[in-house]
Amino acid sequence: MTKLRSKDLLGMQQLEADEINLILDTARTMKQIMQSGNKKTAHLQGKSAITLFYENSTRTRLSFENAAKYMGCNTGSISTSGSSIQKGESLLDTAVTIDRMATDFIVIRHPHAGAPHYLAPRVNASIINAGDGMNEHPTQSLLDLYTMRDKLGRLDGLKVAIIGDISHSRVARSNLWALKKLGSEVYVSGPGTMLPVQFAQTGAHVCHRVADAVEGADVVMGLRIQLERQEAGLFPSVPEYSRFYGISPEVLRLAKPQALLMHPGPANHGVELPTEVYNCDQSVISEQVTNGVAVRMAVLYLLNIRRNS
Ligand code: CP
């Protein structure tokens with residue numbers, strides 16, 4: 001397989017296993033380019049990418065912009081503040097306006113699930129989902145998969161424990177779709193109010209005790225807790241969350257000795273995990289950030305091939 005099937009990257013639910021492997025294989029080459037002395041290539045010369053973010057971001061937005069620039073692509077960015085979105089322009093009118101400027105890629109983050117899927121058939125540009133509500137964050141999942149495969153040599157047969165606010169997490173959803181397709185077993189744990197039992201129907205193992213999810217795991221992934229969830233009464237207090245659901249050194253020791261500690265970021269130090277775990281030898285959080293650029297280079301490169309075919 002040498003080509004993606006769709007002009008858009010909407011979610012891990014839509015990607016077949018062979019397409020995921022193609023992106024991960026391509027990202028390996030992209031990482032070499034990125035880490036070479038000269039990271040400028042001409043793969044996307046004459047193309048243009050616009051990031052359209054209705055929510056805040058550091059990693060995703062900057063890594064897409066860098067990925068595009070490293071391959072010679074022109075870039076621009078639009079946020080809610082400072083654009084005509086503030087004047088009430090609709091999502092569709094905004095996207096069509098960007099599209100009519102001969103844009104090749106629109107990278108969108110939006111608080112509503114399905115926003116990228118709504119736009120995809122309505123524009124010529126490739127729509128890339130950079131996070132839609134609680135639905136999916138496919139390029140986060142791709143960089144997570146890349147990091148796991150790079151460090152552990154495989155994805156098949158891994159035990160991956162995802163801990164935290166599973167209900168509201170697009171990262172958990174994308175990883176669940178992807179890891180199941182690639183042969184890993186996914187265990188999820190968190191407060192009962194953030195742990196939908198329906199997740200069991202997707203093939204995930206739902207654990208009410210964090211220890212049960214982490215025991216013997218190859219990967220332990222923390223998820224960011226949105227602190228406004230406490231105000232909504234979904235967990236009693238930050239110290240209690242940290243005590244019962246935080247990834248402490250003792251919890252991490254339940255995993256395999258060489259298990260990877262992952263977090264999509266941004267992290268709340270002392271809530272999802274203490275700083276000593278964030279910085280421990282098993283932590284690959286910084287490598288996830290680096291791999292995010294390589295994976296996004298691969299996505300742009302492969303979508304461009306698909307557009308030209
Ligand atoms: N992991 C992630 O999506 O981070 P940002 O919100 O900083 O993009």
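Using a 4.5 Å cut-off on side-chain heavy atoms (C-beta onward), I128 and L10 make no contact. Looking at heavy atoms from C-beta onward, I162 lies in side-chain contact with V186 at the 4.5 angstrom threshold. Using a 4.5 Å heavy-atom threshold, the side chains of S169 and R224 count as separate. Side-chain contact check for F199 versus H205: every heavy-atom pair is 4.5 Å or farther apart. Within the 4.5 Å cutoff, side-chain heavy atoms of P196 are placed close to those of I166. In this structure the side chain of K47 reaches within 4.5 angstrom of the side chain of N304, judged on heavy atoms. Side-chain contact check for Y70 versus I33: every heavy-atom pair is 4.5 Å or farther apart. In this structure, L145 and L24 have side chains that are in contact, with non-hydrogen atoms separated by less than 4.5 Å.
Applying the 6.0 Å contact sphere to NZ of K180 captures more than 12 heavy atoms from other residues, nucleotides or ligands. Residue-environment remark: CG (N308) exceeds the threshold of 12 foreign heavy atoms within 6.0 Å. Around atom CD of Q258, no more than 12 heavy atoms belonging to other residues, nucleotides or ligands sit under 6.0 Å away. Residue-environment remark: CD (E89) exceeds the threshold of 12 foreign heavy atoms within 6.0 Å.
Residues G192 and Y245 come closest through the heavy atom pair N-OH, 4.4 Å. Nearest heavy atoms, P274 versus P249: CG-CD, 4.1 Å. Looking at every heavy atom in both residues, V206 comes nearest to A200 through CG2-N, 3.7 Å. Closest heavy-atom contact between T2 and L22: C-CD2, 3.6 Å. Heavy atoms only, all atoms of each residue included: V214 and V251 are closest at CG1-O, 3.3 Å. The two atoms that bring A259 and A217 nearest to each other are CB-O, 3.4 Å, heavy atoms only.
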Show, in sequence, the C-alpha distance, side-chain angles and deciding distance for E272 and H263, and conclude whether the side chain to side chain donor-acceptor pair (under 3.5 Å) test is met. CA-CA 9 Å; E272 297 101 68; H263 193 297; 2.8 Å; yes
Does the side chain to side chain donor-acceptor pair (under 3.5 Å) test come out yes or no for D132 and N135, once each step is laid out? CA-CA 6 Å; D132 64 321; N135 181 36; 2.9 Å; yes
Show your reasoning for whether side-chain contact (heavy atoms from CB on, under 4.5 Å) applies to L300 and M71. CA-CA 9 Å; L300 291 167; M71 294 186 290; 3.8 Å; yes
Could you walk me through whether I50 and F105 satisfy the side-chain contact (heavy atoms from CB on, under 4.5 Å) test, starting with their C-alpha distance in whole Å, then the side-chain angles of each, then the deciding distance to 0.1 Å, before giving a yes or no? CA-CA 6 Å; I50 300 293; F105 308 100; over 6 Å; no
Does the side-chain contact (heavy atoms from CB on, under 4.5 Å) test come out yes or no for L142 and N291, once each step is laid out? CA-CA 9 Å; L142 286 164; N291 295 337; over 6 Å; no
Yes or no on side-chain contact (heavy atoms from CB on, under 4.5 Å) for H137 and N129, after CA distance, side-chain angles and deciding distance? CA-CA 7 Å; H137 191 348; N129 183 357; over 6 Å; no
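Between the side chain of S83 and the backbone N or O of S79, at least one donor-acceptor pair lies under 3.5 Å. A donor-acceptor pair under 3.5 Å links the side-chain atoms of K181 to the main chain of M12, judged by distance alone. Q282 places no side-chain N or O within donor-acceptor distance of the main-chain N or O of L260, the cut-off being under 3.5 Å. In terms of modelled atom types and a separation under 3.5 Å, the side chain of S242 and the main chain of G246 share no donor-acceptor contact. Here the side chain of R173 pairs a donor or acceptor atom with the backbone of S167 at under 3.5 angstrom. The main-chain N or O of A211 is never found under 3.5 Å from a side-chain atom of R209 such that the two would form a donor-acceptor pair. Counting only distance, with no hydrogens or angles, the side chain of N74 and the backbone of S48 share no donor-acceptor pair below 3.5 Å. A donor-acceptor pair under 3.5 Å is formed between the side chain of T193 and the backbone N or O of L234. Formation of a donor-acceptor pair under 3.5 Å by the T60 side chain with backbone atoms of S57 is not found in this model. Side-chain atoms of R306 never come within 3.5 Å of backbone atoms of K3 as a donor-acceptor pair (strictly under, hydrogens ignored).
Under the 4.0 Å criterion applied to side-chain N and carboxylate O atoms, R5 and E19 are assigned as salt-bridge partners. Comment: E240 does not engage R243 in a salt bridge, judged by the lack of any side-chain N to carboxylate O separation of less than 4.0 angstrom. Ion pairing between R149 and D25 holds under the 4.0 Å rule for side-chain N and carboxylate O.
For the atom pair D8 CG and L4 CG, the distance stands at 10.5 Å (nearest 0.5 Å). Taking CG of N124 as the start and OG1 of T103 as the end, the distance is 10.5 Å to the nearest 0.5 Å. Atom CD of E136 is separated from atom CG of L15 by 8.5 Å, given to the nearest 0.5 angstrom. Rounding to the nearest 0.5 Å places CG of D144 at 9.5 Å from OG of S174. With rounding to the nearest 0.5 angstrom, the CG atom of D218 is 10.0 Å from the CE atom of M148. Rounding to the nearest 0.5 angstrom, the gap separating the CZ atom in R296 from the CD1 atom in I23 is 12.0 Å.
Under the 4.5 Å side-chain heavy-atom criterion for Ile, Leu, Val, Met, Phe, Trp and Tyr, V295 and M30 are members of the same hydrophobic cluster. Hydrophobic clustering (side-chain heavy atoms under 4.5 Å, transitive across Ile, Leu, Val, Met, Phe, Trp, Tyr) groups Y118 together with L52. Residue V284 is grouped with residue L182 when hydrophobic side chains (ILVMFWY) are merged at heavy-atom distances under 4.5 angstrom, including chains of intermediate members. Residues M297 and V289 do not share a hydrophobic cluster, defined by chaining ILVMFWY side chains whose heavy atoms lie under 4.5 Å apart. In this structure, M134 is not a member of the same hydrophobic cluster as L176, with clusters built from ILVMFWY side-chain heavy atoms closer than 4.5 Å.
E287 and T147 share no donor-acceptor pair across their side chains, judged by distance under 3.5 Å alone. Side-chain contact annotation: R307 with S126, donor-acceptor N/O pair under 3.5 Å present.
Between Y278 and H269, a ring centre-to-centre spacing shorter than 6.0 Å is recorded.
Between V96 and the options L92, I98, D93, T94, a side chain to side chain contact (heavy atoms under 4.5 Å, CB included) holds for only L92.
Taking the centre and axis of the six-membered ring of Y187, the NZ or CZ atom of K159 falls inside the cone set by 45° and 6.0 Å. The cationic group of R109 does not satisfy the cation-pi geometry with F53, failing either the under 6.0 Å distance to the six-membered ring centre or the 45° limit from the ring axis.
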